[in-house]
*Asks:* 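Can you read through this structure? Questions will come right after.
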Amino acid sequence: MVIRIAAVGDVHLDEDVLGRFRPALEELPGSVDAVLLAGDLTRHGTEAEARCVAREFGGLGVPVIAVLGNHDHQCDQVPQVVGALEEAGITVLEGDGVVLDCPGGRLGVAGVKGFGGGFAGRCASDFGEPEMKAFVRTTTESADRLSEALRSLDCDVLVALTHYAPVPDTLAGEPLEIYPFLGCYQLGQAIDSAPTALALHGHAHHGSERGTTPGGVRVRNVAHPVIKQAYSIFHLGDHLDQGEVSGVAVGGIQQPWS
Ligand SMILES: [Fe+2]
Ligand SMILES: [Fe+2]
């Protein structure tokens, strides 16, 4: 039995690109069991932009599950952004999870935005000024919430959904100097603390697609500028080689932001 998901992040929608993803998305019913969105759904986190996301990804006839990204926090309108998405039937995760009953089994998705901090040997530490301690506390608390959510789900196939990267592999192509702002090793540890089948993230527009956690979990950067298509499709199942097939191409929306 197979569970099939479509995933994309960093669509950074506003009115000028409204409708660009929709034709490809409308091919999904019957082809996948869920659509996962890896944050940075908007450009500046306004309610108006969130309504564009709702129009683009709402009412598809396929469950849509999202986490927010840093851009979705920019205007301090997170409750309004989440409200607009949820009104359209989109599930927004932040330190929690959801289980979907699919024909191929129960799909569990645990999600958190995550945060920066860096990777082994080159990371921020809980030391010194209160601001640095607060930064690292945000990182560790976010990873702890992801770990708890992953371990709480009773399902056949478990997927971790974040905006920030859990491993440095999928940042290859980004300047080394900004790695600590693109992800943190604690998210990777959280993913490895549960029987996770696949970890999806975005944020690293200039990164690369494939990586693996220290515990061997497949990591995929599904940021739209990286996958250069409307979504990637993943087939997941107990006895599968967990192959991937490509999604449908959509006009290149190259953006300078992460
Ligand atoms: Fe981002
Ligand atoms: Fe982004």
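These numbers come from a predicted model, not from an experiment. All ligand and atom numbering here is 1-based and tracks the order in the structure.
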*Asks:* What pairs of donor and acceptor atoms, side-chain ones from residues 165-172 against any protein atom, are under 3.5 angstrom apart with sequence neighbours left out?
*Replies:*
residue, atom, partner, partner atom, Å
Asp169, OD2, Thr212, N, 3.1
Thr170, OG1, His201, NE2, 2.7

*Asks:* With the Fe ion (ligand 1) as the reference point, give the N/O/S atom of His203 that is nearest.
*Replies:* ND1
*Asks:* Taking both backbone and side-chain atoms into account, decide whether Asn70 has an N/O/S atom under 2.8 Å from the Fe ion (ligand 1).
*Replies:* yes
*Asks:* Return the set of residues passing ring pair (Phe, Tyr, Trp, His ring centres under 6.0 Å) with Tyr185 (not counting sequence neighbours), or none when no residue passes.
*Replies:* none
*Asks:* Taking just the N, O or S atoms of His12, which one is nearest to the Fe ion (ligand 2)?
*Replies:* NE2
*Asks:* So, for His205 and His12, is the gap between ring centers shorter than 6.0 Å?
*Replies:* yes
*Asks:* Hey, is the Fe ion (ligand 1) within less than 2.8 Å of some N/O/S atom on Asp10?
*Replies:* no
*Asks:* Check whether Asp192 reaches the backbone of Thr213 with its side chain - one donor and one acceptor, N or O, closer than 3.5 Å.
*Replies:* no
*Asks:* What is the distance from atom CG of Leu36 to atom OG of Ser232, rounded to the nearest 0.5 Å?
*Replies:* 12.0 Å
*Asks:* Would you say the Fe ion (ligand 1) has His163 as a near neighbour, meaning an N/O/S atom of that residue under 2.8 Å away?
*Replies:* yes
*Asks:* Have a look at Asp40 and say which of its N, O or S atoms is nearest the Fe ion (ligand 2).
*Replies:* OD2
